Amino acid sequence: MKKKSLVIVESPTKAKTIGKILGEDFSVVSSMGHIIDLPQKKLGVEIEKDFAPEYVTLSGRQKVLTELKKEAKGKTAVYVATDPDREGEAIGWQIKERILKDANILRVTFHEITPSAVKEAFKHPREFDTKMVEAQVGRRILDRIMGYFLSPLLWKKIARGLSAGRVQSVALRLIIEREREIQKFVPREYWEMEAELAKGNDKFLAKLDKIDSQKAEIGKKEEADDLCGDIKGKQFVVSEIKKSEKKRYAEPPFITSTMQQDAFNKLRFNANKTMSVAQGLYEGIDIGQDNPVGLITYMRTDSPRVAPEAINEVRSFIARSFGKEYVPEKPNYYKVKKLAQEAHEAIRPTFVSRHPDSLKTFLTPDQHKLYELIYNRFLASQMKPALYAVTSVTINAGKYQFNATGSTLTFSGFTAAYNRNGEDEETEKDKAKKNVIPALAKGDILELLRLLPSQHFTKPAGRYSDSSLIKALEEDGVGRPSTYAPIIYTLILRDYVRRIKGYLNPTELGFMVCDLLVEYFPKIIDIKFTAAMEEELDEIEEGTLGRLKVLQDFYTPFKASLDFAQANIKKEVITTDEVCAKCGKPMIIKWGRRGKFLSCSGFPECKNSKSITTGVKCPQEGCGGELIERRSVRGFFYGCSNFPKCRFTARTLPESKE
Ligand SMILES: [Zn+2]
Ligand SMILES: [Zn+2]
């Protein structure tokens, strides 16, 4: 036995990267994720005994645990190097508790898996942070209590097999409330009027702003036509010119939420995909040298802080690649949110000298795109602001006042590395940039080339995308770096929400589940209440609040609602216009393990049931079946009515225009 120390991490890739870095004196093994958790088939929390959790070895994980115990024997030291956040701390703590309770097992943390960071971390192992573990255990118990008691209520009222999570339900409520706003929205027509003007050969656009010093408001086509007739005869005179310089500052380097938002806006990655690609980059990639290496820092974080060494490195890199004029006098500093603490650093490349282009052959296309995004955003965050020369012109034509604004980039600053806007969001500023205002002087008379009236309608707030939902959750204080992606994933898996063309559409089932929760548990799925619970969990980690207090604050109102709901909830029946072919009674909608279907209301006397077809033909040639909604453990999909003869499946309807 040559090995001296054992290191336990949670993933095989990470084990491989760290093993190479630490060398022969260490044996690095993976726990393959969670080994210990609350039991799967019962509550596992003794409510009367101060909510004592009953942790067990997960079924199927006994072998891994035995293996770890065997490995730990005879080692001079055992280190737990799971991820540097609450969950990592808790996974590690439980492994320690189960392996060798009395052995000296120490915790090692690092935010990047690079030789220098890992070696440095192993020089400073520490005891486990029990406050951090407490916060995670508290969260787990809260979630378990809610899920365990709510599921049977959903089964009683809607269908078996449904479940509801604590934070997911709040997210679902946001999505449902937005959908209702959209349904209720009545669009209002309005018109805008632009004038294409010229001075000599130079043309530009100006917009009608005021009529008789009042804000111009045009409601209908007839009004716009009348205005066109009246404006045409007027003389256009420049009455005011304002020139100014505008600065646009770079955004902070990525934290989990902003990375997920930008990856959606720019790359169309959903939150789950972003996190799994980022994990690969973090855990280590073989980049053609002898060792795999972590290319980015830890991807679950809500702190924009950057290590001083990394700031020095990026500043000299910017000076070399873009020029000294792009480097601000002092490093850009970004404020850390009060509650930011799950981890301690922004998401950034571990070495700025590893340019995305140089790694292209070692990365998958998705890894390359995300790495490039993280890389450029980090560079930009330490660059000077972009400068624009802005010209605003006021033009009078009789009682009509037009405005024109144009801006030109005079210094690219951080935009040389990164531009925030996604392809789909052209801002007013972008439009203004394209409108080049010629040199004008006060009193100049302009030629009116044409008037451009345009019709518009007010729009309701859009449906949430992964990006805007994460933004909303973060602003409301509900999500945490480790929860944004699982929240959306779970809602889709349960078919409460479907992602169509990138937007989150609630299903009928989603409406029913949400309405039940809002009716019977208004306080528990209140955003402010949930945000307060999240804050209390943070306070456990700070050591200012005990776990028991937090659990009681939750359980008291929850139990009151629960008792009422258990006594009052009744089965909800959704009747359809369809009539049973066997007995003539109306058919009702039911949800089963494989999804929604029609069942005879005469059940159990009449056992007739049928699938609900979408009316869309199966695209498989010669099949002639129709597509029907189905559910599996992997979530919702469309399958063919001729299954199992035809095995066609799709995530979205092939002919759907949505
Ligand atoms: Zn029937
Ligand atoms: Zn088919």
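Computed from a prediction, not measured in an experiment: that's the story for all the values here. Scope of the values below: all heavy atoms of this structure, side chains included, with no hydrogens, waters or symmetry mates. Order of appearance sets the numbers: ligands from 1, and atoms from 1 within every ligand.
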Any donor-acceptor N or O pair under 3.5 Å, side chains Glu10, Ser30: no
Report task. Taking the side chain as every heavy atom from C-beta outward, state whether Leu142 and Arg139 have any pair of such atoms under 4.5 Å apart. Result -> no
Tyr638 side chain to Arg651 side chain, donor-acceptor N/O pair below 3.5 angstrom:
no
So the angle subtended at the Zn ion (ligand 1) by Cys600 atom SG and Cys583 atom SG, rounded to 10 degrees, is 100°
Going by atom types only, do Glu189 and Gln455 share a side-chain donor-acceptor pair under 3.5 Å?
-> yes
In this structure, the Zn ion (ligand 2) sits at the vertex of an angle between SG of Cys640 and SG of Cys646 that rounds to 10° as 110°
Rounded to 10°, the SG/Cys618 to the Zn ion (ligand 2) to SG/Cys623 angle comes out at 110°
